[in-house]
Amino acid sequence: MPAVLEETKVKLTLKQLLDSCKLCIEQIDDVVEEEEDEMIQAARLNSHAEASTSDSKAAKGGGMEVLGKLFLSNEEFRGRVRRAHIADEIEAVEKAGSAVEETLFRAFQAICEYSEQHDPSSKRPTLIFDPVNSAVWIKLVKGSQAANQAEAFNLVHPHDRNGKPIADRHCTREVEEALNDYRAACDTARAAVRGQLRLLAETLQESLLQIVAASTFAIIAAALECHVNEASRRGWTLPSQLAKGAVPEGQGMKVEGMWPYWLDGHATNTVKNSFDMSSMYLLTGPNMAGKSTILRSVCAVALLSACGLYAPVQSAVVPYTDAFMLRNFSADSPLEGKSSFAVEMVEMRYVMDDVTEDSLVLVDELGKGTEVRAGAAIAGAMLERLDTIGCRGIFATHLHQLLDMPTHTPNMVNMMMQTRAVSGSSPSQDVPAALTSQLGAETDLAQHTQQLGMGGRVPTWRMVPGSSTESLALDVALQCQVPADIVQRAAHLFKELEHQANSQQDGFAPSTPSVQPSGTSAKGIPQRQTPATNTQAVSVLQSQAGPSIEDAAQLLSSVAQPLFLTLHSQHSDSQHDSQDQQADSQQQPQHSNVLQPVTGNGNGNGVSNNGHSYDIVSTRSSGGYSSSGSSQNPHGKLTHPYSPEGFTSDVQDLQIQVQVVRGGQVPPPSTVGCSCVYIVRRGDGRFYCGQTDELKGRLNRHRSKAGKVRGGGRMEAAYLVVPSSEQGQSTAKVVEAQAIQALQAAGYPLISATDARNKLMPKAAKKPTQAPKPPAEAPAAAADEHEAEAAQLAAAS
């Protein structure tokens, strides 16, 4: 009843409401029909139709039963009010209807008897109901004997409602007059029904307020019933709401087992949080750890409790709350001439004007729209004001300067979103299913982050005491499929910024993270490890599916190194044969990034200087192989972890660069028209080695043939470009054959090894202008070999 009184503004006791409802029900029942009259009328129509058609076979399918459609179409007023109130009108309608039935039956029976004697069955007369003109007429087939004798039976063409004759319909004048009288009687009866309903409305006008209150109460009761049924199905409970003035000293919002209202509380992977909040919380945590979700969930529990409704909690005690203030991240307002930060300030001004000690204030990411330290200063000042007022709420932020700022907030409590390290043994269990569903992609966090030398932490979605300065921004960027080279570069820049911040003497110093796994920096990014410790942090993909694409890239580099050294030496000797050849040798090939001197190459940050956004795998004479998992023996030779015994390569004064194309990436345009030797690794861990002049198209065909089942979308590739100065395709085929042999010897699971036959080492060309002769075993057309390799791949798959 309080809800009804508040909604309708009518002061009623329960007895008054019940008495008024009973009186209204009696008045309504006295006037409104209970549909008995309509049932009687339907029975009358059926009996007339059966009687009129029982003796006439010609009337089947178009006989007197059509008259029932006329009665039902015009007597829709039946069943609205009781017959006793409109007895005269109903009697007039029934009398007029009987007249229509009698006159129409006489005219129709006469013409039917004549037609039975002179016309075949296909040309017999029928009755047609016209709903537009509300009439029933006789239809005679053109050319029939009945149509020719229509005038002899006093049949004329009727007129429609606009007074125009209808050529293909007939009736007698008696039928027309009867139809007009019937329609007039129906109009009179309709008017009488409307009059009775108006009188009833005037009678109920005296109890209108009680009727509105009763209807409002009925709607509220129906909504509450639906809410209770649905809440019970979802496992929600009814919180205890403390009234104003009845809140004990120090009593806060105590919640046990809260979960987001859009999740299934019965699911085993739904994370539930518990807390006792009697002041402001300063909530910190990394990206996508659930801070905004906590704010929305807390607001929902408090609001539902204030309404006396069930909430997604196991139990809760909620003090009286006079205002619910939830401020999320704002956008700009060009119409008002305000930036996003100005909109934030306006919204926070409203909060500061209205907040009291009984308010619930939930602020999410304040200060995003301005410089970090200025935003942190404003956020700190507002947090001091909220703490002084004594309200309850959560202040979620990424501004870690608030943790070290000298603010006066004695009542504030530091809370954080918890994270944990990813276990390398079972990544599918460590990555929460909720994160996978939000991103709509597989989140193999351990593989991605360890390949980039980053962390390996995932959120647990739990709010726990403490503070956190972690940032999973780079992890989230990887999960959202930001190119890996961009994220790797971002990790390097982040460390540089962190180093600069640590070395500065003024300004805000970075806080010590509350959650810092071993081997990580202050911001949650792992420190670059030595090769000895890297062997313990092998990616999940390598530990479960054998060698990685980096291993294959290293092997390809070790195969190509001695071959290119030999060819480069032969080519250099042949270039001294003539002055023209020497001039040609001074021109650098467009794609000679495979052969580079070791002077000034690379920037030491894992990013090449050639501008390509691809991973570079290098073999250096001074430092051995740069990737983890390789080692350099004391004899100056490069040994691969998956290479067979004795498979080494001399490293002299040249550098071989093998580029890696990650899943979803494509080779750069600079590879178009160049002879390339490549190795692809499918998602199921199998490898294929080949050579092509169209690397992008070949890789796309490999991915499409593998499909989703065999991990075609995640297929990675490692390749090197053979410069035209080293006889291009001929050299590529030799490297391909030797690489396949090396892969077999190293135990790589291969899709096909057909091209592992021995191929001749190409000889140096005598003149640069002459095209090099292909090996004897090589096919004449490169396109045929492309198709053959594609067929081999499809057959093996």
Side-chain angles (χ1 to χ4, degrees), residues 231 235-261 263 265 270-285 289-327 351 355-364 382-397 402-403 407-420 459-468 514-515:
W236 294 12
T237 59
L238 189 64
S240 299
Q241 175 70 33
L242 301 180
K244 184 177 182 180
V247 180
E249 184 69 23
Q251 175 67 50
M253 181 178 177
K254 188 174 182 179
V255 177
E256 296 290 338
M258 178 190 71
W259 68 90
Y261 54 85
L263 295 182
T270 299
V271 178
K272 299 178 181 180
N273 282 279
S274 302
F275 56 90
D276 188 355
M277 181 173 60
S278 57
S279 61
M280 288 296 298
Y281 281 179
L282 178 60
L283 181 61
T284 54
K291 295 188 298 298
S292 300
T293 299
I294 290 291
L295 265 65
R296 292 185 177 93
S297 301
V298 170
C299 187
V301 170
L303 186 59
L304 290 171
S305 176
C307 298
L309 301 176
Y310 286 76
V313 294
Q314 294 176 343
S315 65
V317 178
V318 182
Y320 168 78
T321 305
D322 61 1
F324 305 87
M325 304 178 183
L326 175 61
R327 199 218 72 83
V351 171
V355 64
T356 68
E357 61 180 3
D358 293 326
S359 301
L360 179 66
V361 180
L362 304 168
V363 181
D364 192 10
M382 291 186 174
L383 191 57
E384 282 185 336
R385 175 63 62 86
L386 295 175
D387 185 79
T388 302
I389 294 174
C391 61
R392 296 177 299 275
I394 301 177
F395 198 99
T397 183
L402 290 174
L403 300 174
T407 55
H408 181 67
T409 52
N411 302 317
M412 186 186 71
V413 178
N414 287 332
M415 303 292 286
M416 72 175 186
M417 300 306 299
Q418 189 182 54
T419 63
R420 59 187 170 93
T460 63
W461 319 109
R462 298 189 183 279
M463 183 174 66
V464 296
S467 58
S468 171
S514 301
V515 179

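None of the values given here were measured: they were computed from a predicted structure.
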Could you grab the distance from atom [atom1] of [X] to atom [atom2] of [Y], nearest 0.5 Å is fine?
| X | Y | atom1 | atom2 | value |
| --- | --- | --- | --- | --- |
| N414 | M280 | CG | CE | 12.0 Å |
| L303 | Y261 | CG | OH | 10.5 Å |
| L360 | M277 | CG | CE | 5.5 Å |
| L282 | L403 | CG | CG | 6.0 Å |
| D364 | T397 | CG | OG1 | 9.0 Å |
| L362 | R327 | CG | CZ | 11.5 Å |

Closest heavy-atom pair and its distance - M415, M463: CE-CG, 3.9 Å
Heavy-atom pair with the smallest gap, counting every atom of P260 and S297: CA-OG, 3.5 Å
Say whether, by atom type as modelled, one donor and one acceptor occur between the side chain of [X] and the main chain of [Y] under 3.5 angstrom.
| X | Y | result |
| --- | --- | --- |
| T460 | Q418 | yes |
| R462 | N273 | no |
| S279 | N411 | yes |
| T284 | M416 | no |
| K291 | M417 | no |

Could you go through residues 314-324 and list every donor-acceptor pair under 3.5 Å that involves a side-chain atom there, pairing it with any protein atom two or more places apart or in another chain?
unit_1, atom_1, unit_2, atom_2, d
T321, OG1, P319, O, 3.3
D322, OD1, T356, OG1, 3.4
D322, OD1, S359, N, 3.3
D322, OD1, S359, OG, 2.9
D322, OD2, T356, OG1, 2.4

Candidate pair T409 and E384, rule side-chain hydrogen bond (donor to acceptor under 3.5 Å, both in side chains), full reasoning: CA-CA 6 Å; T409 52; E384 282 185 336; over 6 Å; no
Audit row: V363, I394, side chain to side chain contact (heavy atoms under 4.5 Å, CB included) steps and yes/no: CA-CA 6 Å; V363 181; I394 301 177; over 6 Å; no
Criterion side chain to side chain contact (heavy atoms under 4.5 Å, CB included) on L402 and F395, from CA distance to verdict: CA-CA 11 Å; L402 290 174; F395 198 99; 4.2 Å; yes
Residues which pass side-chain hydrogen bond (donor to acceptor under 3.5 Å, both in side chains) with Q251, listed by chain and number, not counting sequence neighbours: none
Side chain to side chain contact (heavy atoms under 4.5 Å, CB included) partner of V298, the single match among V301, I294, L295: I294
Enclosure of K254 NZ (heavy-atom neighbours >12, cutoff 6.0 Å): no
I389/V361 under side chain to side chain contact (heavy atoms under 4.5 Å, CB included): CA gap, chis, key distance, verdict: CA-CA 11 Å; I389 294 174; V361 180; over 6 Å; no
Steps toward side chain to side chain contact (heavy atoms under 4.5 Å, CB included) verdict (L383, M412): CA-CA 9 Å; L383 191 57; M412 186 186 71; 3.2 Å; yes
